[in-house]
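Reviewing the structure listed below.
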Amino acid sequence: MRILYVEDEKLLADAVSHLLKKQGISVDWTDDGEEGLRLAKKPVYDCIVLDIMLPKMSGLEILEIVRKQGIKTPIIMLSALSEIEDKIRGLELGADDYLAKPFKTTELIARLNALNRRPPIRDRKILKYADLKFDIEDRTVNGVSLTEKEAEILKMLIEAGDKTVQKDYILGHVWGAEMLAEDNYVEVYISYLRKKLASVSKKVKIKTVRGLGYKLCEEK
Ligand code: CA
């Protein structure tokens with residue numbers, strides 16, 4: 001993990017950097033707000049740790065500019081004033097976390113690790129089939145929202161590619177044991193999904209494979 005640490009109290013910065021490095025975290029440190037902003041725009045950091053009170057430019061100003069430019073690097077704000085307004089302002093401007101000074105370095109490390117385990121938004125998982133783009137996290141296909149069950153079914157169909165997904169398999173995975181033989185649930189949800197797909201794609205259809213199940217097909 002590599003972090004940018006913007007902090008003007010040199011003794012504190014030295015102590016914290018030393019402890020972070022012992023945990024295998026690379027630290028680029030600067031004590032200056034303007035330099036902090038310049039570095040924060042680089043796409044090389046896993047996290048930015050930003051003090052609020054800084055010379056030349058405050059941590060909140062840096063945060064605001066960085067987020068307005070669409071930079072999504074996780075940011076933890078630090079503040080000597082444990083004032084609630086700072087915290088609220090920071091979170092409103094797009095900070096991911098907030099730590100009041102004085103803090104224990106172990107606490108900072110725990111939060112860095114927690115943020116680093118979160119999948120970054122830019123890597124969000126999109127499944128594609130022909131002209132369909134299915135966003136698993138948002139549960140949308142080409143921008144149209146799906147219900148939870150519709151989304152699960154579409155995911156199976158896309159992952160199967162040109163292979164047929166058996167109706168029993170869909171029933172078992174989406175409804176589990178609760179529905180057993182009530183397999184017309186699958187048909188009902190397939191018909192919902194067909195309507196939604198028809199509204200976003202002229203090419204992709206869900207084909208019924210008689211006596212077996214369903215598969216996606218692309219009409220050329
Ligand atoms: Ca400061």
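- A salt bridge links Lys101 to Asp51: at least one charged side-chain nitrogen sits closer than 4.0 Å to a carboxylate oxygen.
- Criterion: ILVMFWY side-chain heavy atoms under 4.5 Å apart, direct or through other members. Under it, Ile65 and Ile71 are part of a common hydrophobic cluster.
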TODO: Any chance you could lay out the salt bridge (charged side-chain N to carboxylate O under 4.0 Å, His left out) test for Lys125 and Glu137, step after step, and finish with the verdict?
DONE: CA-CA 7 Å; Lys125 207 170 174 204; Glu137 242 173 85; over 6 Å; no
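- You'll find the side chain of Gln69 reaches within 4.5 Å of the side chain of Lys41, heavy atoms only.
- Checked against Arg111 for a side chain to side chain donor-acceptor pair (under 3.5 Å), the options Asp97, Asp96, Thr106 give a single hit: Asp97.
- Residues Arg194 and Thr208 are in side-chain contact: their nearest non-hydrogen atoms beyond the backbone lie under 4.5 Å apart.
- Taking His18 as the reference, nothing meets the ring-ring contact (aromatic ring centres under 6.0 Å, His included) condition, with sequence neighbours excluded.
- Contact check for Leu20 versus Met1: no side-chain heavy atoms found under the 4.5 Å cut-off.
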TODO: Under the side chain to side chain contact (heavy atoms under 4.5 Å, CB included) rule, what do Leu60 and Asp86 come out as? Steps first, then yes or no, please.
DONE: CA-CA 9 Å; Leu60 287 172; Asp86 271 350; 4.2 Å; yes
TODO: Go through Val49 and Leu4 one step at a time and tell me if the side chain to side chain contact (heavy atoms under 4.5 Å, CB included) criterion holds.
DONE: CA-CA 6 Å; Val49 180; Leu4 171 63; over 6 Å; no
TODO: Dump the intermediate steps for salt bridge (charged side-chain N to carboxylate O under 4.0 Å, His left out) on Asp131 and Lys203, then the final yes or no.
DONE: CA-CA 7 Å; Asp131 60 351; Lys203 288 185 185 170; 5.1 Å; no
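- When atom types are taken as modelled, the side chain of Asp31 and the backbone of Leu54 share no donor-acceptor pair closer than 3.5 angstrom.
- The shortest distance between side-chain heavy atoms of Tyr189 and Val174 does not fall below 4.5 Å.
- Salt-bridge annotation for Lys167 and Glu187: present, with a side-chain N of the basic residue lying under 4.0 Å from a carboxylate O of the acidic one.
- Counted within 6.0 Å of NZ on Lys205, heavy atoms from surrounding residues, nucleotides or ligands total more than 12; the atom is thus considered enclosed.
- In this structure, OG on Ser58 lies 11.0 Å from CG on Leu37, to the nearest 0.5 angstrom.
- Between Arg2 and Asp46 there is no salt bridge, since none of the side-chain N atoms of the basic residue sits less than 4.0 Å from a carboxylate O of the acidic one.
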Open item on the list: side chain to side chain contact (heavy atoms under 4.5 Å, CB included), that's the test. Do Ile76 and Cys47 meet it? Break it down for me.
Closed with: CA-CA 8 Å; Ile76 300 177; Cys47 191; 4.1 Å; yes
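- Using a 4.5 Å heavy-atom cutoff, the side chains of Lys163 and Lys215 are not in contact.
- Side chains of Thr164 and Tyr214 form no contact here, defined as non-hydrogen atoms less than 4.5 Å apart.
- With respect to Lys149 and Glu152, no salt bridge is recorded, no charged nitrogen being found less than 4.0 Å from a carboxylate O.
- For the salt bridge (Lys or Arg N to Asp or Glu O under 4.0 Å) test with Asp32, the passing option among Arg38, Lys56, Lys10 is Lys56; the others fail.
- When side chains are defined from C-beta on, Thr73 does not count as touching Val66, because their heavy atoms never get closer than 4.5 Å.
- When hydrophobic clusters are built by joining Ile, Leu, Val, Met, Phe, Trp and Tyr residues whose side-chain heavy atoms come closer than 4.5 Å, directly or via intermediates, Leu212 is not grouped with Ile153.
- Residue Lys133 places its NZ atom among 12 or fewer non-hydrogen atoms of other residues, nucleotides or ligands, all under 6.0 Å distant.
- Residues Ile52 and Leu78 have side chains not in contact (no heavy-atom distance under 4.5 Å, counting atoms from C-beta outward).
- Defined by atom type and a distance below 3.5 Å, a donor-acceptor pair is present between the side-chain atoms of Asp162 and Tyr129.
- Residue Arg89 places its CZ atom among 12 or fewer non-hydrogen atoms of other residues, nucleotides or ligands, all under 6.0 Å distant.
- There is no path of hydrophobic side-chain contacts, each under 4.5 Å, that joins Leu11 to Val16.
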